[in-house]
Amino acid sequence: MRRRFSTAVFPLHRHTIAQLLVDGGLAALAYFLAFRLRFDQAAGPPPRYERLFETTLPWVVVLALLVFLLMRTEQRQWRYATQGDYLGVLQAVALLTIAVAGLIALTHPVTVKSAGGDINVLIPTGVLAFFFLLMLLFVGGVRFVARTIRERPIRGFRADKGARRVLIVGAGDGGRLTLREIVRNPTLALNPVGFVDDDPLKAGLRVDGVKVLGGTDQLGRILDEAEPDEILIAIPSAPGTLRGRVVRAGRDRGIVVRTLPTVFELLQSGSGHVVRQVREVQVEDILGREPVRMELDRVGSYLSKEIVLVTGAGGSIGAELCRQIARVAPRKLVILDHAEDNLFEIQRELEEDRHVHPSALSAVLADCKSEERMREVFEQYRPTFVFHAAAYKHVGLMEGNPVEAVRNNSVATRLVAELAGESSVKNFVLVSTDKAVMPATVMGASKALAEYAVEEMGARFPQTNYASVRFGNVLGSSGSVVPIFRRQIARGGPVTVTDERMTRYFMTIPEAVQLIIRSGSLGDGGEIFVLEMGEPVSIIQLARDMIELSGLEPDRDIAIEVTGRRPGEKLHEELFNPHERPQPTPAERIIHASRPARDKVEIADWFAQIEELTRSGDAAALAAKVAEFTADTEPAGALIEGSQSDPATPAPKIIRG
């Protein structure tokens, strides 16, 4: 018990005792010099003040130690002192000075006799002023010296003879951190030759001794003059356009380009030894999207101390939902999936890598299509928030298995949403897709129906806040074009593109999940929220970029083959249906797709017919019925004749039956 008290109130680490002893000695020295400077006489202070000094010196040292402990100025090692630590020193010294004056005034340690009786000897104001200034100088100075020694000024830095010349892009905090680590670790064998930064105020200046040579618009000239062996992008939040510009300039001159991890990667892995985390530039880095910056602890705080259920927890989006939700410390995180291997992997990652306590985590093997099993889950865990990410997403497979696609993506979504309402869940969030907009495939149509199921439940269960979150392709997921292109490049090609004109929206998985979590606090009655996806990306240009990032040349080393569009495949995806109106929300990069509400009885009747057809396994009749319902949500013929944004799109198989 004593150890716990000591740890909580007076945190003593190995470095703390040594630092306390030094600070105590500095306090004694400052107190001694304060008296000598105030009474600038050869004989020293008058006798009564000499007695006051000798009597109170131990008190001052003890007070200094107590104040520094209480103000926690010794928690950080001096060599890592920051601006906040110096502010803490100022506050601690001010408090110490007031405490010394107050203690002497209250306890009267020294008195002198006079004709009128005993007179209390108080500490002179000049002594207090000198003590305050000297303590600031000594205590702050010793930390500054320790920090300076650790930083090893760049002017004294000498790179090894064989060190690689590196040009650092970004002279901000990331660039300075990178430079300092290069200086402190000669084993990295790097020699910084300059910075590149687009801030015109930094042009020509020296940042920690290294000159800012210009902006990225002058990168070609800078590379020709500085002749670096490699370029290091030291801006974790750099937009893809900047990364792409740097990569192209380096590639034209045969210079290796590497980058610091993104903000999301740094958050997940920690920011220690930043230079050792440098990696090759990947296609995800140059897609041109401005990165989303959100404080997850703030926007996801509504999940803290709650019981959160994530379905499809073993999938790409579901697993990232689990990772990010775990960071805000829910009371219990219930992860559910019907794939045993995927569920085991995310459970193991959360417990071993994310340090989620087993008591706060439950892994549930269940199929969302099973009403009996899902009722058991809701009754056992009583979740207060549900994120429904379970879905089939491979377009080609769903075209060949329409009954299972509708059963899993539509009927099962309605079942889980209904159980959430019956269990008085606070919030239910459906993870949807842009393929639900003017659907031209089985998968798109099944997700469009799922959005209507959520809308129906929002009307039936007003005590639960329902919402659907719609967005485009996510990078790195198993169904994304990026890993497909990587495999094709690794095999030596060809890289297959279905149409030269095709474009798609892209977003990283962590970005999408962060916005899904933010949307979870916005839902009220079955709304659809759409994530801003930036500009659409040309698929054939994406293929060329990936080939070049692999160190190869398109059409010479790796062929690009245009295979022709598959049935139902659109040239361009849309984020809004024609009858939907984009409306702003309080959240950055989240838009409300406002549309006329459908009658809940009508939607319930749709699903009664669809469920009957899925039970019978009649694929042709089910296809016709789903086509009828989804076409009814659009202007006449929207699905039957093809997408409005692409009149040449073939009719989807789900319509042909």
Side-chain angles (χ1 to χ4, degrees), residues 288-290 292 317 391 393 395 409-410 413 429-456 458-459 466-474 501-507 511-512 515-516 518-520 522-539 568-598 603 626-627 629-649 652 654-655:
R289 277 186 46 80
E290 289 287 338
V292 177
I317 295 293
K393 58 186 177 182
V395 175
N409 290 359
S410 307
T413 295
V429 180
L430 167 68
V431 177
S432 189
T433 171
D434 59 356
K435 291 176 176 60
V437 177
M438 295 182 287
T441 62
V442 171
M443 200 277 277
S446 66
K447 294 298 282 187
L449 286 172
E451 290 182 354
Y452 276 105
V454 172
E455 180 181 327
E456 176 203 354
Y466 287 88
S468 299
V469 182
R470 184 192 293 165
F471 53 95
N473 296 272
V474 289
R501 300 166 294 169
M502 187 167 292
T503 63
R504 287 293 182 266
Y505 291 103
F506 286 99
M507 176 179 278
E511 280 183 296
L515 291 170
I516 291 169
R518 179 68 178 95
S519 301
L522 302 175
D524 183 23
E527 299 95 337
I528 296 174
F529 296 106
V530 180
L531 308 187
E532 282 189 13
M533 299 295 298
E535 294 299 319
V537 175
S538 167
I539 297 300
E569 190 173 30
K570 299 179 184 178
L571 278 179
H572 314 291
E573 296 285 7
E574 304 290 342
L575 295 173
F576 297 92
N577 285 300
H579 62 289
E580 294 173 342
R581 296 292 174 264
Q583 299 292 333
T585 70
E588 181 185 4
R589 296 200 173 180
I590 300 176
I591 305 167
H592 175 210
S594 176
R595 66 184 185 184
R598 283 194 173 271
I603 299 174
V626 172
F629 294 151
T630 53
D632 191 33
T633 67
E634 306 291 344
L639 273 178
I640 297 174
E641 300 299 330
S643 167
Q644 287 190 344
S645 64
D646 177 20
T649 300
I654 191 169
I655 293 175

Visitor: I'd like to check Glu569 versus Val395 (side-chain heavy atoms, cut-off strictly below 4.5 Å). Are they in contact?
Guide: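 Of all side-chain heavy-atom pairs linking Val395 with Glu569, none is under 4.5 Å.
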Visitor: Can you list everything that forms a side chain to side chain contact (heavy atoms under 4.5 Å, CB included) with Thr585? Sequence neighbours excluded, please.
Guide: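 Partners of Thr585 under the side chain to side chain contact (heavy atoms under 4.5 Å, CB included) test: Leu522, Phe529, Ala587, Ile590, His592.
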Visitor: For Ser410 and Ser446, work out which heavy atoms get closest and say how close.
Guide: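 Nearest pair, atom of Ser410 first, then Ser446: OG-O, 2.7 Å.
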Visitor: So, taking the atom named CE in Met502 and the one named OG in Ser538, what distance separates them when rounded to the nearest 0.5 Å?
Guide: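 Here the rounded value is 10.5 Å.
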Visitor: Rounded to the nearest 0.5 Å, how far apart are CD1 of Ile591 and OG of Ser519?
Guide: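 Reported value, rounded in 0.5 Å steps: 10.5 Å.
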Visitor: So, using side chain to side chain donor-acceptor pair (under 3.5 Å) as the criterion, who are the partners of Glu456 when residues are at least two apart?
Guide: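 Checked Glu456 against side chain to side chain donor-acceptor pair (under 3.5 Å); matches are Arg414.
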Visitor: To the nearest 0.5 Å, what is the distance between NZ on Lys435 and CD on Glu573?
Guide: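 Between Lys435 NZ and Glu573 CD, I get 4.5 Å after rounding to 0.5 Å.
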Visitor: What pairs with Thr413 under side chain to side chain donor-acceptor pair (under 3.5 Å), at least two apart in sequence or on another chain?
Guide: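 For Thr413 the side chain to side chain donor-acceptor pair (under 3.5 Å) partners, ignoring immediate neighbours, are His388.
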Visitor: Which atom pair, heavy atoms only, marks the closest approach of Asn409 to Ala450?
Guide: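 That would be O-CB, 3.3 Å.
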Visitor: Mind checking what makes salt bridge (Lys or Arg N to Asp or Glu O under 4.0 Å) contact with Glu580, not counting sequence neighbours?
Guide: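 Glu580: salt bridge (Lys or Arg N to Asp or Glu O under 4.0 Å) contacts with Arg470, Arg595.
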Visitor: Would you indicate whether the side-chain heavy atoms of Leu430 and Lys447 approach each other to under 4.5 Å?
Guide: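 When only atoms from C-beta onward are counted, Leu430 and Lys447 do touch, with a gap below 4.5 Å.
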Visitor: Which heavy-atom pair separates Ala593 from Val530 by the least distance, and what is that distance?
Guide: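 Where Ala593 meets Val530 most closely, the heavy atoms are CB-CG2, 3.9 Å.
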Visitor: Where do Met438 and Lys570 come nearest, in terms of heavy atoms and distance?
Guide: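 Minimum heavy-atom contact is O-NZ, 2.7 Å.
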Visitor: Are side-chain heavy atoms of Ile516 and Val429 found at a separation under 4.5 Å?
Guide: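 With C-beta onward as the side chain, the pair touches.
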Visitor: Out of curiosity, Thr433 OG1 to Ile317 CD1, how far, rounded to the nearest 0.5 Å?
Guide: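 Thr433 atom OG1 to Ile317 atom CD1 measures 10.0 Å (nearest 0.5 Å).
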Visitor: Look up atom CZ in Arg501 and atom CG in Leu571, then write down how far apart they are to the nearest 0.5 Å.
Guide: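 Arg501 CZ to Leu571 CG: 4.5 Å, rounded to 0.5 Å.
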Visitor: Which residues satisfy the side chain to side chain donor-acceptor pair (under 3.5 Å) test with Ser432, sequence neighbours excluded?
Guide: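 Residues passing side chain to side chain donor-acceptor pair (under 3.5 Å) with Ser432: Glu451.
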Visitor: Which residues pass the ring pair (Phe, Tyr, Trp, His ring centres under 6.0 Å) test with Phe471, not counting sequence neighbours?
Guide: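 Applying ring pair (Phe, Tyr, Trp, His ring centres under 6.0 Å) to Phe471 gives none.
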Visitor: Check whether any side-chain heavy atom of Val437 lies under 4.5 Å from a side-chain heavy atom of Asn577, and answer yes or no.
Guide: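 Result yes, sub-4.5 Å side-chain heavy-atom pair found.
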Visitor: Grab the two heavy atoms, one from Glu527 and one from Tyr466, that are nearest each other, plus how far apart they are.
Guide: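 Closest approach of Glu527 to Tyr466, heavy atoms only: OE1-O, 3.4 Å.
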Visitor: Could you tell me the separation between the CD atom of Glu535 and the OH atom of Tyr505, rounded to the nearest 0.5 Å?
Guide: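 If I round to the nearest 0.5 Å, the distance is 7.5 Å.
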Visitor: Search all heavy atoms of Pro578 against all heavy atoms of Arg581 and return the closest pair with its distance.
Guide: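 What the structure gives for the nearest pair is O-NH1, 2.8 Å.
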Visitor: Only one of Leu575, Leu515, Asp434 forms a side chain to side chain contact (heavy atoms under 4.5 Å, CB included) with Leu531, so which one is it?
Guide: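 Among Leu575, Leu515, Asp434, the one meeting side chain to side chain contact (heavy atoms under 4.5 Å, CB included) with Leu531 is Leu515.
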